[in-house]
Protein chains: 2
Amino acid sequence: MSKVNRERPYARALTKLRDAGLRPTRQRLTLAKLLFDGLDRHVTAEILHEEASARNNSVSLATVYNTLHQFTDVGLLREVVVDSGRTYFDTNTTDHYHFFHEEDGRLEDVPLGDVEIASLPAAPEGKAYSRVAVVIHVKDAD
Amino acid sequence: MSKVNRERPYARALTKLRDAGLRPTRQRLTLAKLLFDGLDRHVTAEILHEEASARNNSVSLATVYNTLHQFTDVGLLREVVVDSGRTYFDTNTTDHYHFFHEEDGRLEDVPLGDVEIASLPAAPEGKAYSRVAVVIHVKDAD
DNA sequence: GTGTTTGCAAAGTGTTTGCAATTTA
DNA sequence: TAAATTGCAAACACTTTGCAAACAC
């Protein structure tokens with residue numbers, strides 16, 4: 001049973017990489033295992049870099065950046081902009097929104113169905129919608 | 001008549017600063033005149049710095065940054081996050097949303113009434129809403 | 001073996017800060 | 001003249017890049 005628990009994340013990561021056409025290198029596997037653990041995650045390059053180091057699977061920060069962008073390019077991740085000066089990557093690539101916790105800079109998913117947008121303005125002349133980003137800023141209640 | 005046209009922006013800028021309790025220095029007046037020209041503007045520090053220089057009213061970039069933050073602190077401006085790595089400041093401090101033009105990084109106001117949000121999720125336990133940011137990304141239509 | 005990937009260190013952006021000189025009230 | 005403000009240059013945080021060494025197939 002311990003064998004199964006150890007191997008499932010590895011198999012999942014391997015499949016993700018193979019399907020995306022990315023060589024399953026040690027570094028990519030390390031990061032993929034950290035990212036695609038089954039839960040929706042929101043990470044910065046620095047956090048992911050630290051997590052890899054903490055597991056004795058160090059990946060250089062430059063490679064973490066490069067890998068996050070590669071994963072984004074092939075659709076495994078999505079970039080989220082909530083903070084100028086820090087880039088967040090989201091493992092949930094489906095349409096959805098976010099809570100942004102102002103106190104600690106944490107992001108939390110809000111399912112698409114939890115926000116009902118009844119009307120939107122027409123797109124400007126010659127323009128088409130690309131996507132609608134909704135960030136609900138929350139802070140500690142009094 | 002030319003006199004009136006030249007002086008009105010100056011008077012408006014002066015009033016803005018006085019009301020905010022900021023000393024009307026040459027630099028603040030220059031930036032206030034550029035910002036509060038009656039239209040809603042979305043600027044970065046670099047753009048504003050260039051505009052001041054172009055009018056032979058140079059303000060050092062450090063002062064532009066400091067001034068934008070001071071204006072924000074006293075409520076004359078609002079910060080908008082749409083792009084990690086670049087801070088935009090908005091002269092429209094009322095509640096409203098934005099179009100973000102993906103091609104050129106330009107921001108455009110969307111009046112509050114043009115977006116109707118019929119429902120929102122409950123704020124997480126112990127949290128309260130701070131504000132809801134809506135950014136409608138648009139791109140050139142085919 | 002050959003092309004891909006990695007890691008380092010250097011460079012690049014956008015932004016902030018310490019402090020002496022200047023300006024404002 | 002006392003306190004606030006400015007501008008410079010240096011420091012900063014985050015990110016990207018060039019290139020030689022290491023790796024995957």
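Just so it is clear, the values below take in all heavy atoms, side chains as well, and ignore hydrogens, waters and symmetry mates. Each chain gets a letter, A, B and so on, in the order the sequences are listed, and its residues count up from 1.
Contact check, B:Q27 against D:dG7: a side-chain N or O comes under 4.0 Å of OP1 or OP2. Between B:S60 and D:dG7, a side-chain N or O to OP1/OP2 separation shorter than 4.0 Å is present.
Counting heavy atoms from C-beta on, the side chains of A:Y97 and A:V135 never come closer than 4.5 Å.
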Nucleotide by nucleotide, nucleotides 9-25 of chain D touches protein heavy atoms under 4.0 Å in the pattern (B base, S sugar-phosphate only, - none) -----SBBB------BS
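Put simply, B:L48 and B:F36 are part of the same group of oily side chains (I, L, V, M, F, W, Y) that touch within less than 4.5 Å, one to the next.
Between A:H69 and A:F89, the distance from one ring center to the other falls under 6.0 angstrom.
The interatomic distance linking A:Q70 (CD) with C:dT6 (C1') rounds to 10 Å, in whole Å.
The rotation axes computed at either terminus of the helix from C:dG1-D:dC25 to C:dA25-D:dT1 lie 30° apart, taking five pairs at each end and rounding to 10 degrees.
Checked by atom type, the side-chain pair B:S130/A:E102 shows a donor-acceptor distance below 3.5 Å.
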Under 3.5 Å, sequence neighbours excluded: what are the donor-acceptor pairs made by side chains of residues 107-115 of chain B?
residue	atom	partner	partner atom	Å
B:E108	OE1	B:H101	NE2	2.8
B:D109	OD1	B:H42	NE2	2.7
B:D109	OD1	B:H96	NE2	3.1
B:D109	OD1	B:H98	NE2	3.3
B:D109	OD2	B:N92	ND2	3.1

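Ion pairing of B:D140 with A:K127 is present here, as a side-chain N (NZ or NE/NH1/NH2) and a carboxylate O approach within less than 4.0 Å.
Counting non-hydrogen atoms of neighbouring residues, nucleotides and ligands closer than 6.0 angstrom, the CG atom of B:D142 reaches no more than 12 such neighbours.
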